Amino acid sequence: MQYEDNVKKIEEEAQQYWAENNSFGVVEDKTKEKYYCLSMLPYPSGKLHIGHVRNYSIGDVVSRYQKMLGKNVLQPIGWDAFGLPAENAAIQNKVPPAGWTYNNIEHMKEQLIAMGFGYDWSRELATCHPEYYRWEQWFFVRLFKKGLVYKKKAVVNWDPVDQTVLANEQVEEGRGWRSGAIIEKKEISQWYMKITDYAEELLNGLDKLEGWPDAVKIMQQNWIGKSVGLEINFTMEGSKPISVFTTRPDTLMGATYLAIAAEHPLALKMGKKNSVIQSFINECRTMETSEAALETMEKKGVDSGLFCKHPISGEDVPIWIANFVLMGYGTGAVMSVPAHDQRDYEFAKKYNISMVGVIAPSNGHLDIDQEAFVEKGFLINSGEFNGMTFPEAFEAISKHLTNIGLGKEKINYRLRDWGVSRQRYWGCPIPIINCEHCGSVPVKESDLPVVLPEDVAFEGVGSSIKKSPEFYQTNCPACGAAAEREADTFDTFFESSWYFARYTCANQNKAMLDERANYWLPVDQYIGGIEHAILHLLYARFFTKLLRDEGIVTCDEPFTNLLTQGMVLKDGAKMSKSKGNTVDPQKMIDKYGADTVRLFILFASPPTQALEWSDQGLEGAHRFVNKFYRLVNCYISESKKQAAEQLNPTLLNKEQKEIRKKTHFTLKKVGDDIGRRYSFNTAIAALMELNNSLSRFTDTTPKGMAVKKEAIEIMLKALNPITPHLSHHLWLKIGNTGAMVDTLWPEIDVEALIQEEVRLVVQVNGKLRAKIVVPVDAEKKSIEIAVLAEENVVKFSKGKEVKKIIIVPNKLVNVVVR
RNA sequence: GCCAGUGUGGUGGAAUUGGUAGACACGCCGGAUUCAAAAUCCGGUUCCUUUGCGGGAGUGACGGUUCGAGCCCGUCCACUGGUACCA
């Protein structure tokens with residue numbers, strides 16, 4: 001019987017066994033070491049895509065391996081079910097977002113089961129269920145009462161044709177992706193979470209995350225962007241002073257203009273008097289809001305005609321209105337020093353604004369003919385501060401400005417507060433009631449959850465619940481007067497910021513979390529795409545600290561170890577429906593079976609690296625699975641003729657010993673590759689090598705059969721995390737009674753690994769010239785004699801003096817000659 | 001633009017702590033088996049040079065450190081992710 005003909009049956013039987021025996025259902029057990037392995041929850045887009053297959057195959061290998069080490073392993077799964085794609089699908093296919101989402105979940109769940117992933121399905125959750133989101137509403141109300149949330153105006157992308165707010169992704173070259181209309185900036189009131197209150201802790205906490213990749217920690221550190229500087233006030237006659245933040249107060253005497261945002265009150269005031277200014281402001285209203293667009297667009301400005309006073313010199317400083325300064329971030333104004341900042345330099349050149357060089361390099365003198373001098377140096381043209389270095393000038397200018405009340409030292413973070421309001425239908429309703437008399441009042445705890453109506457018509461023009469009076473009409477919880485509910489919903493990052501905690505007690509309907517959270521948390525291994533390196537992971541860390549400060553969990557950080565999976569690319573880019581470059585793994589599962597697909601995706605590249613998708617090689621993975629299947633079946637029929645004897649390692653011949661050595665070496669490597677290195681591709685390569693050696697090992701004597709039996713059993717166990725169906729099937733077929741899912745990882749026989757001889761590489765001046773075989777840990781002297789006697793060494797050192805001989809034990813010898 | 005990452009044969013990749021570059025596969029070439037094919041098995045496969053042994057070059061580009069660099073440092077190029085409303 002070929003594997004091909006059997007694969008469907010083999011996989012279904014194994015899956016049925018796991019389901020019937022609840023093999024992956026876990027309960028808290030203080031007598032066992034816990035291991036919480038979590039993969040990022042999927043967005044139910046319709047079908048499993050290849051990135052999911054990669055992510056969840058990695059998670060399943062780690063989980064099954066840890067389970068084989070005897071740990072109490074929790075591996076849950078759920079659905080990140082709210083989000084924009086459901087709304088897009090709703091418009092396109094004229095189906096309600098809820099129905100579309102639930103259908104997708106149902107189908108994708110079947111696919112996950114068919115892949116053989118060992119999840120504890122009793123903990124499954126979907127973030128669009130009121131039983132889930134009620135607790136984040138509850139938590140939001142707690143944070144509201146604690147003063148950790150607030151309302152603030154912010155700009156959004158407004159599509160004037162579709163009458164809707166667009167995501168940055170939906171704006172293409174300044175136009176709405178559906179309507180094609182030119183997008184306008186619109187200011188609306190939104191809810192914010194005070195993540196900046198936790199900026200310092202989020203930054204410092206990174207140092208403790210030893211199990212996180214440095215790249216992610218550095219990105220988060222840069223994102224938080226702590227900087228020390230001065231807040232400086234430029235006074236104005238008849239108006240409030242303009243406050244700016246700078247990390248370079250040493251350049252203050254070189255400030256020749258101030259740039260303010262187009263939405264700045266001063267700019268708006270001047271616009272009313274001056275049509276040139278007004279048209280510039282209008283132009284700025286159609287700018288894209290993303291940071292990338294902002295930084296790469298042409299820097300433009302217009303002279304406001306206003307002046308403020310330089311805080312030290314008292315001279316007039318002109319105020320310009322510039323498109324690269326944003327009202328929402330910082331103070332909406334920046335101090336410009338063209339001589340020492342490249343952007344200011346280009347702006348000043350363009351508009352003929354004067355420059356004053358105030359920093360000279362420590363060697364040579366200042367030259368700003370071609371570009372700004374942005375490095376630190378000595379102050380010049382700065383009166384009493386001349387000759388000072390950066391730290392000296394920082395302190396002196398800080399002191400001076402503090403004394404005259406025009407400045408103070410300030411720590412600034414690049415990190416901004418988290419805007420959580422979305423003007424969308426398919427999301428968790430924000431549990432706030434807006435009352436004319438009382439303002440924003442949180443919904444009473446007893447009235448939670450605020451349930452999102454799922455049966456509303458959805459056309460994509462405006463938000464559906466905003467048009468649904470039965471949803472928004474209500475009474476104020478404080479005064480009882482008629483009032484309106486918030487019709488905005490939460491950012492979907494809200495749901496994904498705490499789901500990992502909810503899995504630990506998903507059936508708890510009296511509280512957000514219970515004591516079980518403290519048994520399982522923090523997550524021991526978190527696995528997900530590198531694209532989440534900043535936002536999701538930062539928000540999840542933030543939420544953990546909020547939960548801790550509310551006394552709901554005890555840990556400080558949610559994820560002890562993080563594996564960031566590389567993206568699966570197609571045609572050099574992230575796969576997406578809109579690009580039409582997706583790969584459907586279902587076809588591969590149907591053709592080759594789940595085990596082949598799992599093996600291949602893990603073998604194709606190391607997990608952290610981006611993977612350019614190609615079907616080439618899938619056949620090879622399948623060939624290996626087939627080959628191993630045949631090997632085991634061949635052993636079974638051989639053993640009917642000649643049974644294996646009890647293995648006695650000391651009585652084996654040389655060839656038998658070699659096979660045992662290879663077997664235990666492979667076992668050691670696979671354990672290390674899976675358990676420590678997360679290098680699944682090399683683990684599989686090692687197993688392929690062992691398989692090749694075993695298929696050439698034709699010894700059918702009782703001793704030979706014993707060696708083969710041991711090797712096959714070890715291979716089955718070592719393959720179990722990767723190809724669990726095949727291991728389950730063959731384990732029973734070779735005569736074992738217990739199921740593979742309950743077996744433990746095999747012990748390495750260190751005796752079998754002992755080597756007597758070793759091959760040394762011989763180099764002359766770093767070039768490979770010979771190879772010699774010597775006893776392990778041979779004496780230095782005897783190696784030197786052997787090396788210098790080598791024909792090729794003699795040839796290449798002829799007429800030269802041997803300077804020294806470098807010996808790397810059991811590896812290499814380098815003869816240095818001159 | 002900024003932050004982070006990546007770059008090795010025809011292809012995916014290996015080289016774990018600075019020590020044999022190309023493990024393991026895919027593909028291709030040759031052979032065995034077969035009436036034939038599929039499947040399977042065996043051999044070869046970085047480039048140049050050499051009958052062979054061997055020799056030379058080679059890890060995006062250029063430079064540096066070192067007895068020795070794919071790995072460390074500097075400059076640059078290309079590509080990927082993120083860039084706060086895709087998830």
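As the structure is a prediction and not an experimental result, all values here were calculated from the model. Only this structure's heavy atoms are used, side chains among them; waters, hydrogens and symmetry mates stay out.
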Report summary line: Here RNA chain B, pairs taken as Watson-Crick or G-U under 3.5 Å and shown with ( ), [ ] when crossing and | when to another strand, reads (((((((..(((......[....)))((((((.......))))))((((....))))..(((((..]....))))))))))))....

Using the [atom1] atom as the reference point in each nucleotide, state the distance between [N] and [M] in Å, no decimals.
N: C62(B); M: U51(B); atom1: P; value: 31 Å
N: C76(B); M: A21(B); atom1: C1'; value: 25 Å
N: G70(B); M: G19(B); atom1: P; value: 11 Å
N: C71(B); M: C53(B); atom1: P; value: 31 Å

Query - Lys661(A) atom NZ, neighbour heavy-atom count above 12 within 6.0 Å - result: yes

Query raised in the report: Do other residues, nucleotides or ligands put more than 12 heavy atoms under 6.0 Å from Tyr413(A) OH?
Result: yes

Sub-4.5 Å side-chain heavy-atom contact between [X] and [Y]:
X: Glu612(A); Y: Met567(A); answer: no
X: Glu486(A); Y: Trp191(A); answer: yes
X: Glu184(A); Y: Pro160(A); answer: yes

Tell me if the side-chain of [X] makes a donor-acceptor pair with the base of [N], cut-off 3.5 Å, by modelled atom types.
X: Lys771(A); N: U20(B); result: yes
X: Gln190(A); N: C85(B); result: yes
X: Arg676(A); N: U16(B); result: yes

What is the distance from [atom1] of [X] to [atom2] of [N], rounded to the nearest Å?
X: Lys795(A); N: G54(B); atom1: NZ; atom2: C1'; result: 6 Å
X: Tyr592(A); N: C26(B); atom1: OH; atom2: C1'; result: 12 Å
X: Trp613(A); N: C26(B); atom1: CH2; atom2: C1'; result: 13 Å
X: Leu537(A); N: G81(B); atom1: CG; atom2: P; result: 18 Å
X: Ile530(A); N: U83(B); atom1: CD1; atom2: P; result: 12 Å

Between [options], which nucleotide has the shortest distance from any of its atoms to the side chain of [X]?
X: His532(A); options: C85(B), G19(B), A87(B); value: A87(B)
X: Phe493(A); options: A87(B), G55(B), G1(B); value: A87(B)
X: Glu531(A); options: C67(B), A21(B), A87(B); value: A87(B)
X: Arg414(A); options: A84(B), C86(B), A23(B); value: A84(B)

Query raised in the report: Reading nucleotides 2-15 of chain B 5' to 3', which nucleotides get B (base under 4.0 Å from a protein heavy atom), which S (sugar-phosphate only), which -?
Result: -SSS------BSSS

**Report entry** Pi-cation contact, Tyr329(A) with Arg416(A) (under 6.0 Å, within 45°)
**Finding:** yes

Query raised in the report: Any side-chain donor paired with an acceptor under 3.5 Å for Trp613(A) and Asp615(A)?
Result: yes

Query raised in the report: Within the distance-only criterion (no hydrogens, no angle test), does the side chain of Asp673(A) pair as donor or acceptor with the backbone N or O of Ala683(A) below 3.5 angstrom?
Result: yes

Requested in this report: Identify whether any heavy atom of Glu298(A) sits under 4.0 Å from a base atom; if not, whether one sits that close to sugar-phosphate; answer base, sugar-phosphate or nothing.
Outcome: nothing

Report summary line: Between Arg769(A) and Arg818(A), the residue closer to the 5' end of RNA chain B by nearest nucleotide is Arg769(A)

Report task. Pull up the glycosidic torsion of G9(B) and say syn or anti, syn being anything within 90° of 0. Result -> syn

Query raised in the report: Out of Ile77(A), Ile105(A), Asn104(A), which one pairs with Pro42(A) under the side-chain contact (heavy atoms from CB on, under 4.5 Å) rule?
Result: Ile77(A)

Query raised in the report: Of Gln342(A), Lys349(A), Lys350(A), Arg343(A), which meets side chain to side chain donor-acceptor pair (under 3.5 Å) against Glu346(A)?
Result: Gln342(A)

